[in-house]
Amino acid sequence: MFYIFCPYCDEHREEEEFHPKGQAHLSRPADPDACTDEEWGNFIYFRDNPRGIHHEIWVHAIGCRKFFNVTRDTQSYEILESYRMGSAPRITQLTDKQQS
Amino acid sequence: MTQFNRLDNGGRIDRSKLLSFEFNGQRYKGFAGDTLASALLANGVDVIGRSFKYSRPRGIVAASAEEPNAVFQLGATEATQVPNVRATQQELFDGLVSQPTSGWPSLSFDFMGVFGTLLGRMLPPGFYYKTFMFPQAAWDTYEKYIRKAAGLGRSPREPDVDTYDHLNHHTDVLIVGAGPSGLSAALSAARAGARVILADEQAEMGGSLLDSNDRLDDKPAAEWVKATLEELARYDNVLLLPRATVNGYHDHNFLTIHERRTDHRGDRAPANLSRQRLHRVRAKWVVLATGAHERPLVYGNNDLPGCMLASAVSTYINRYAVVPGSRLVLMTTNDNAYRTAFDWQDAGREVVAIVDTRAYVTGAWQEEAERRGIKVLKGKAVIEARGGQRVTGALVTGLTTDGNKVAGDSQLLRCDTLASSGGWSPVVHLSCHTGSRPVWDDDVIGFLPGKTVQRQLVAGAVNGRFALDDCLTDGASIGAEAATNAGFPAEPAIVPSARTRPETRAMALFCIPHHKRNSRAPKQFVDFQTDVTAAAIELATREGFESIEHIKRYTAMGFGTDQGKLGNINGMAVAAKSLNQTIPQTGTTIFRPNYTPVTFGAIAGRHCNDLFDPMRYSAMHEWHVKHGAKFEDVGQWKRPWYFPKPGETMQQALDRECLATRESVGVLDASTLGKIDIQGKDAREFLGRAYTNAWAKLPVGKCRYGLMCKEDGMVFDDGVTSCMGENHFVMTTTTGGAAGVLEWLELYHQTEWPELEVYFNTVTDHWATMTIAGPNARKLLAELTDDIDLDKDNFKFMDWRQGTVAGVPARVFRISFTGELSYEINVQANYGLHVWEKLFEHGAKYNLTPYGTETMHILRAEKGFIISGQDTDGSVHPYDLGMSWAVKEDKPFSFIGKRGMKREDCVRENRKQLVGIKTKDPSIVLPEGAQAVDDPNHPVPVPMLGHITSSYYSACLGRSIAMGVIKGGHNRMGDTVHYPLTDGRVVEAEICSTIFLDPKGERQNV
Amino acid sequence: MSEAVKEAVAEPALVAIMEQLPKTEVPARSPLAHHTEVLSRPTHENPGVRLWENALRTHLALRGDAGSADFARGVEAATGLALPERLQCHQSGEWALSWVAPDEWLLTGPGDQALAMEMSLREELDGHYAVINLSGGQTMLRLSGPKARLVLMKSCPYDVHDRHFPVGKVVTTVLAKSQATIRRVGEEDWELVVRRSFADYVWRWLVDASQEYRLSLGHPE
């Protein structure tokens, strides 16, 4: 059971209030009709599955209904930061301390 | 004679409260304050079960959670049966009824013993794999007997009469264990004002301080415990939870605590009290003060009743005033266990000898033994116990100084109790739950909690600090650190001093060698509950298992309900030695939640029976109940399924409902359909992006049907959306899809198109919706409204109007899911029941008939209308459904799904397409899911064409109708396909249009 | 009815606004009427928990840009209540304005004033905003008494401790397997706004959770 910081409610909340929505920072191609089948296939089907840092979208479904991003360590399940839609993550790699 | 092992004085029992209890059909007496185990020992009950594989008699070994043998079935009635209760953790109450769970068919009749050799050979390590894999079909037979003999207990056959509940907590500091470390940690944290939860699995807090005759500040330790608990109880910010086992340590410092609230009070919980409670705790910081479990030594016949942990013997003497025997031999690798011999002697019984495996050891403990006149045999070990149903002697032999071999002659010491101590294993279980690997420490001779990402601190014995002084000071400073970390600057509490004898170095010894090889020696048990011996582990390594995780699974070591609390370290040591490795090289298995078994009741809490899941009701629900509706679950909604009249079968009811609607007028409670209010100047633009069809020109006052796809082009929801105002729409969704569609719209709005000015809010529950359908629908509505012009040219199909229905302001939508003239009346839900009842007052003359979801399904299928989620399954795009009319390709914005439905696979020939299916025999209703084939005589595998998605008997058409997907179906109109059914019939059917009734749509345009 | 209201009701333009309450005597039925009408349980002298439905109130969802001074001013002009900060509620008389999300508030008040309030808001507000009438889709429960907090602890994973949930705070969170917008009205007094279709489940859950605390059902008078 995660304890997730909602950057809109400015509080930690229990995982039961949230729904996970997958990998973050994927943009819908600006002109889908110009995409090849392969490009569109990559957009809708292919996702990263990293060991370590993962940026992902969650929605505060039972709460403020806002979508936001978290940076999570997929090994330790630590959530390293939560940040609002449209902003960039501060943490993009594990520090030595987190890695060891 | 009763309770002949009970001392006249001492202990923490209340001799004035005599309790009667039952074990294995016999009546016994004990005292308040006893555990079931201490009471059995007081009564001299030696054999409390028989072992899993070899059916050997077993006795009580331990005094706490680590007990492997005394695992019982409790309950005086069928409904109160509880399996897997540790007698060492069950407080005695008057009238307690317990049964051994092992030892089938009976404790005294040694069933397995009769066939002993035979079965012993049958059950080598890996016996599950070797014996029971084939034939697979026979497993059901095997399993029944294995389970029965294995002592896993049984579930009650009647519903539990007690209740269980959950309580959520948030705390600054959770302290696990109320021994000396936990108590002093709690003092430090509590005094700083932090919110503190102190949980302990025992009835009384104090831990080892209650089991010993330790003194603190020259007073009995129990006095300090009492004063400390009194102080803690005074703080508002402290919650003391006795009888509460912290069972699981999960992500982000979430811990579960299993509290047994009334298990000590009787067979059933008192009225209005839950029997057990699961506390769900989110802690800022956790202090593990879980202590250590004593490790038994492994030697021949070490499972005979009378072989016990040294510390357990002391606990029974000091806490329960029970001396479980007369003549004690104590074998130890360390000084600490000497106290058991002293306790035994103080209790007035004979200590035959202390057998110390260390050859050269002198110090305070040995001096004390000498002063007491207790014989200490140094450099020796008990290599086997002798006896039948109970220990009668200990065979003692010299050891080489490394402990690897026996040396010299043996002597037999007569005794009835053989206590052993191989040192202490820190209770690292909870720390392991967090994914942390424990780390071996040569000085501690045990595993310590490893690094963790959790906000966790450890104090006292779990941290390898076994001396009482260290535990107290460590606890005080760790408690202060935890509180400080949680934002409450704290000073370590001043703790009393404990004068303990200095201890000399212990010896790292786990399995005592024998004259014979382990495989020939009397059985040396490592894991009592799963009957795993040292020889079995050696055999596993010889068979090529090198990883400790594989050895565990092959031998079943640690697989019992005790999770190998006693045996695991010894097992790893045996494996390491056999593999010529060190213990750290061999590593350890990881403990997982839960620490001790948890009842299903506690896990379920109140989420059971009528509260298992929300039941959502519409505003007209009471009417439906009163009128005998049968209900169908649609998501969490209870929707009327059909309304049978007395004596009607389901099909008769459906036929009647269908015909009444088509011939006159029917009414459906459609309140459950999802309704989303959309406001904002970009609402129309947004709809154009989210739906596949056009929305740019839909005028105010009009409604339109839309399909919603995912980016892969596959349909996932559909519904009618109405234009309420230039900047205002109300979207309807499927009943089950409502929440998902709203979240989907928000996802795109918040992550892709935040620049669009639009707000989405659910209004599903705000409107009560009733659909009247049928040729007389207009007449009926006309009786209830005087401000809506119902003229067919002024209020057309796919229009909506605002007005008053039955005196209530309403929005009326002229839309149809039946193909009939139909009006959907929406009123504020608090008036829904009123309007519904008025409809029936006026509808009687039109035979207004309520219909449920099943009739709705039939009526729409007659018209070929799809149900998203029934005729679609996430692999069907609009063209597959033959709904190209609902896709507007030339919209300026590339709407969701447009690109997806153009991918190569989506435009290929021979996709499965939705068609109508008519059986040649009109009376056969195909089962939904039936697979279509062209040639039923084709040798297997038969190429599959598709399956039936919807299938009904249509009373209006007097025949069965179905829809289904068929490969290339749109070009196969009139073809014959076959549906082979599971009952052997092959049903012939014709592919046809999905529209079975009124293909021109004339009925709804009247 | 003001002229503006009449006009809006008669001629929906940008948004459809309607008086949703009947002009004549038509019985309204709250989502929990089937429980509250038949209360026959013994009422405890000194209850640990009281539970009742504050039925048939006005519930309006208000959407807009919290950062816009015009929006905040408009809301205050219409409601007399300043736009509350995150997780806060402002109350004046019968009206309460609760923060729900950065762009959403819940306005509750007397049951017969939904349209008047909506019109008043629409008169004061401009630009991108929305008012949604939810009066039929929600109901309000009141839970009070010394043990009310324990009942909430059984029901909600949210921290309802005094230090974390002071009077005036409002939070939307999980309640059993449903959800509620929970407001702490007083030291021992809580308000729960729940969806109509879940109200029966929530009521039964709370009644069950209160059994060990001497529950009294019904308004305390």
So which atom in [X] and which in [Y] form the shortest heavy-atom distance, rounded to 0.1 Å?
X	Y	answer
Q679(B)	V15(C)	OE1-CG1, 4.1 Å
H834(B)	P27(C)	ND1-CD, 3.8 Å
I17(C)	Q802(B)	O-NE2, 3.9 Å
V763(B)	N133(C)	CG1-O, 4.5 Å
N830(B)	S135(C)	ND2-O, 3.8 Å
L21(C)	P809(B)	O-CG, 3.4 Å

>> Keeping N168(B) on the side-chain end and C156(C) on the backbone end, is there a donor-acceptor pair under 3.5 Å?
In response: yes

> Sub-3.5 Å donor-acceptor pair from the side chain of H169(B) to the main-chain atoms of P157(C), do we have one?
Replying inline: no

So what's closer than 4.5 Å to chain C heavy atoms on [X]: side chain, backbone, both or neither?
X	answer
R282(B)	neither
F760(B)	backbone
E622(B)	side chain
A810(B)	backbone
F729(B)	neither
L167(B)	both
V758(B)	backbone
D787(B)	neither

Using a 4.5 Å cut-off on heavy atoms from C-beta on, say whether the side chain of [Y] contacts that of [X].
X	Y	answer
Y201(C)	Q636(B)	no
N272(B)	R214(C)	no
W205(C)	H607(B)	yes
E104(C)	N761(B)	yes
K177(C)	D613(B)	yes
K154(C)	H166(B)	no
Q20(C)	W767(B)	yes
Q211(C)	T163(B)	no

>> Would you say H766(B) and Q138(C) are linked by a side-chain donor-acceptor pair, where the criterion is simply a distance under 3.5 Å?
In response: no

Chain C interface, residue from [options] that has the most non-hydrogen pairs under 4.5 Å:
options	value
R616(B), H728(B), K838(B), R811(B)	R616(B)
R277(B), Q828(B), E757(B)	E757(B)
R606(B), K681(B), M615(B)	R606(B)

> Counting only heavy atoms not in D789(B), do more than 12 fall under 6.0 Å of its CG?
Replying inline: yes

>> Using salt bridge (charged side-chain N to carboxylate O under 4.0 Å, His left out), reason through D200(C) and K638(B) one step at a time and then give a plain yes or no.
In response: CA-CA 12 Å; D200(C) 175 82; K638(B) 292 281 173 199; over 6 Å; no

Side chain from CB out, backbone as N, CA, C, O: work out which of these in [X] comes under 4.5 Å of a heavy atom of chain B, or both, or neither.
X	result
D208(C)	side chain
D162(C)	neither
A209(C)	neither
A130(C)	both
Y213(C)	side chain
V131(C)	backbone

>> Below 4.5 Å, heavy-atom pairs only: which of T24(C), L150(C), L152(C), L134(C) has the largest tally toward chain B?
In response: L134(C)

>> Applying side-chain contact (heavy atoms from CB on, under 4.5 Å) to T764(B) and R195(C), what does each step give before you reach the verdict?
In response: CA-CA 9 Å; T764(B) 303; R195(C) 286 180 67 174; 3.7 Å; yes

> Less than 4.0 Å between a side-chain N and a carboxylate O, is that true for R261(B) and E212(C)?
Replying inline: yes

>> Could you check whether D677(B) pairs with R63(C) (Lys NZ or Arg NE/NH1/NH2 to Asp/Glu carboxylate O, under 4.0 Å)?
In response: no

> Passes side-chain contact (heavy atoms from CB on, under 4.5 Å), H161(C) versus H170(B)? Steps please.
Replying inline: CA-CA 8 Å; H161(C) 191 273; H170(B) 294 257; over 6 Å; no

> Between Y759(B) and H128(C), is a ring pair (Phe, Tyr, Trp, His ring centres under 6.0 Å) present by the stated rule, with each step listed?
Replying inline: CA-CA 9 Å; Y759(B) 288 119; H128(C) 181 38; 4.2 Å; yes

